[in-house]
Protein chains: 2
Amino acid sequence: MKDIILRLNKLFESRIRLGIMSILVVNDWVDFKYLKETLDLTDGNLASHLHSLEKNNYIHVRKGFIGRKPNTSFSVTDVGRKEFKLHLNALERLIKNI
Amino acid sequence: MKDIILRLNKLFESRIRLGIMSILVVNDWVDFKYLKETLDLTDGNLASHLHSLEKNNYIHVRKGFIGRKPNTSFSVTDVGRKEFKLHLNALERLIKNI
DNA sequence: TAAAGTAACTTTGCGTTACAAAGTACTTTT
DNA sequence: AAAAGTACTTTGTAACGCAAAGTTACTTTA
């Protein structure tokens, strides 16, 4: 049992980072504003969660412009996708008491 | 999306409380020692997590003896079972981006 | 009968996290 | 020129997580 719990990824215990990841795994590039509005977060809060995901190489950041407005977009890395999958597997095992 | 995230139960974001609940939903009464050993926790840590679950009426506590040794057992309440189920449903919806 | 063990905590203390709110820098719109 | 937009960073505070040590109330062993 303990080993299953340890397979849960600490970074994904947060509902917000779970939300970010679940959006990113099904969308190619998602921008800051979209995440902010979809998840209804303050700028600072979202930025810090994104930062923790970036620091662990779970997401890529792309800074650019749309028209002349700055735009920051995010996508999940291969590592992030793999870790997320592992986390979901662990969750499933835990819940089903395998 | 935000509404799904809000359906995730804050109390179940913790891997340990998730572990406790997943044990309790499939066992009638589970004692302190078993939980402690299965989850590999210190007494204090386990006690505090159990306390938070009890405070929210998610678990029952039964104090008694086995032979002459004190024994504390826990079981999930109807509320706890229901909330856990709701949490898992929310998790599933979030992950599947419904 | 004194020491050690068991069960289940509570307390202490510290480091980490979460978050809102305010501040920053730059740009664009009005 | 003023207001608003984008994407942060900084600040400050409250909550959380956890190990370790202390506590209570026995029971068992030497």
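Below, chains carry the letters A, B, ... as their sequence lines are ordered, and counting in each starts from 1.
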Legend entry - Short side-chain N/O contact from A:K33 to OP1 or OP2 of D:dT6, under 4.0 Å: yes
Inset, instruction - Please determine, for the side chain of A:I16, which listed nucleotide (C:dC19, D:dC8, C:dT6) has the closest atom? - result: C:dC19
Legend entry - Rounded interatomic separation in angstrom, taking NZ from B:K69 and C1' from D:dT29: 12 Å
Legend entry - Close side-chain approach of B:W29 to B:N27, heavy-atom, < 4.5 Å: no
Inset, instruction - Ignoring backbone atoms, test whether B:T72 places a side-chain nitrogen or oxygen under 4.0 Å from the OP1 or OP2 oxygen of C:dA7. - result: no
Legend entry - Residues B:S73, B:N71; criterion side chain to side chain donor-acceptor pair (under 3.5 Å); working and verdict: CA-CA 6 Å; B:S73 280; B:N71 177 271; 3.1 Å; yes
Inset, instruction - For the residue pair B:L18 and A:L8, establish whether any side-chain heavy-atom pair is separated by less than 4.5 Å. - result: yes
Inset, instruction - Would you tell me if any nitrogen or oxygen in the side chain of A:T42 comes within less than 4.0 Å of OP1 or OP2 on C:dA20? - result: yes
Inset, instruction - Remember a base hit wins even if backbone is also touched, and classify B:L41 as base, sugar-phosphate or nothing at under 4.0 Å, heavy atoms. - result: nothing
Legend entry - Gap between atoms CG and P, on B:D31 and C:dC9 respectively (whole Å): 11 Å
Legend entry - B:R68 CZ - C:dT6 P separation (whole Å): 17 Å
Inset, instruction - Compare the minimum distances between each of C:dC19, D:dA19, D:dC8 and the side chain of B:K10, then state the nucleotide with the smallest one. - result: C:dC19
Legend entry - Nearest-Å distance for atom pair CG/P, residues B:L50 and D:dC18: 13 Å
Inset, instruction - Give the rounded distance in Å between these two atoms: CD of A:E54 and C1' of D:dC8. - result: 12 Å
Inset, instruction - Inspect the surroundings of CG in B:D3 and state if more than 12 heavy atoms from other residues, nucleotides or ligands are less than 6.0 Å away. - result: yes
Inset, instruction - Round to the nearest Å and state the distance from A:F65 atom CZ to C:dT27 atom P. - result: 8 Å
Inset, instruction - Would you please confirm or rule out a distance under 4.0 Å between OP1 or OP2 of D:dA19 and any side-chain N or O of B:N45? - result: yes
Quiz: residues 53-67 of chain A side-chain donor-acceptor pairs under 3.5 angstrom, not counting sequence neighbours:
from	atom 1	to	atom 2	distance (Å)
A:N56	ND2	A:S52	O	2.8
A:Y58	OH	A:N9	ND2	3.0

Inset, instruction - Round to a whole Å and report the spacing from CZ of B:F32 to P of C:dC9. - result: 5 Å
Legend entry - Nearest-nucleotide pick for A:H49, side chain only, options being D:dT9, D:dC18, C:dC19: C:dC19
Inset, instruction - Could you pick out which residue, A:D43 or A:S14, lies toward the 5' side of DNA chain C when each is mapped onto its nearest nucleotide? - result: A:S14
Inset, instruction - Give the nucleotide from the list C:dA7, D:dA19, C:dC19 with an atom nearest to the side chain of B:P70. - result: C:dA7
Legend entry - d(CG, A:L39; P, C:dA20) in whole Å: 12 Å
Inset, instruction - Scan A:K36 against the nucleic acid and name what it touches under 4.0 Å (heavy atoms): base, sugar-phosphate only, or nothing. - result: nothing
Inset, instruction - Determine the contact category for B:N71: base if any of its heavy atoms lies under 4.0 Å from a base atom, sugar-phosphate if only primed atoms, P, OP1 or OP2 are that close, otherwise nothing. - result: sugar-phosphate
Inset, instruction - For A:R17, answer base if it contacts any base atom (sugar-phosphate contacts may also be present), sugar-phosphate if it contacts only those atoms, and nothing otherwise; contact means non-hydrogen atoms under 4.0 Å. - result: sugar-phosphate
Inset, instruction - Classify the nucleic acid contact of A:L46 as base, sugar-phosphate or nothing, counting any heavy atom under 4.0 Å across all strands shown. - result: nothing
Legend entry - Any A:L11 side-chain heavy atom under 4.5 Å of A:M21 side chain: no
Inset, instruction - Determine the contact category for B:Y34: base if any of its heavy atoms lies under 4.0 Å from a base atom, sugar-phosphate if only primed atoms, P, OP1 or OP2 are that close, otherwise nothing. - result: nothing
Inset, instruction - Could you pick out which residue, A:H51 or B:G44, lies toward the 5' side of DNA chain D when each is mapped onto its nearest nucleotide? - result: A:H51
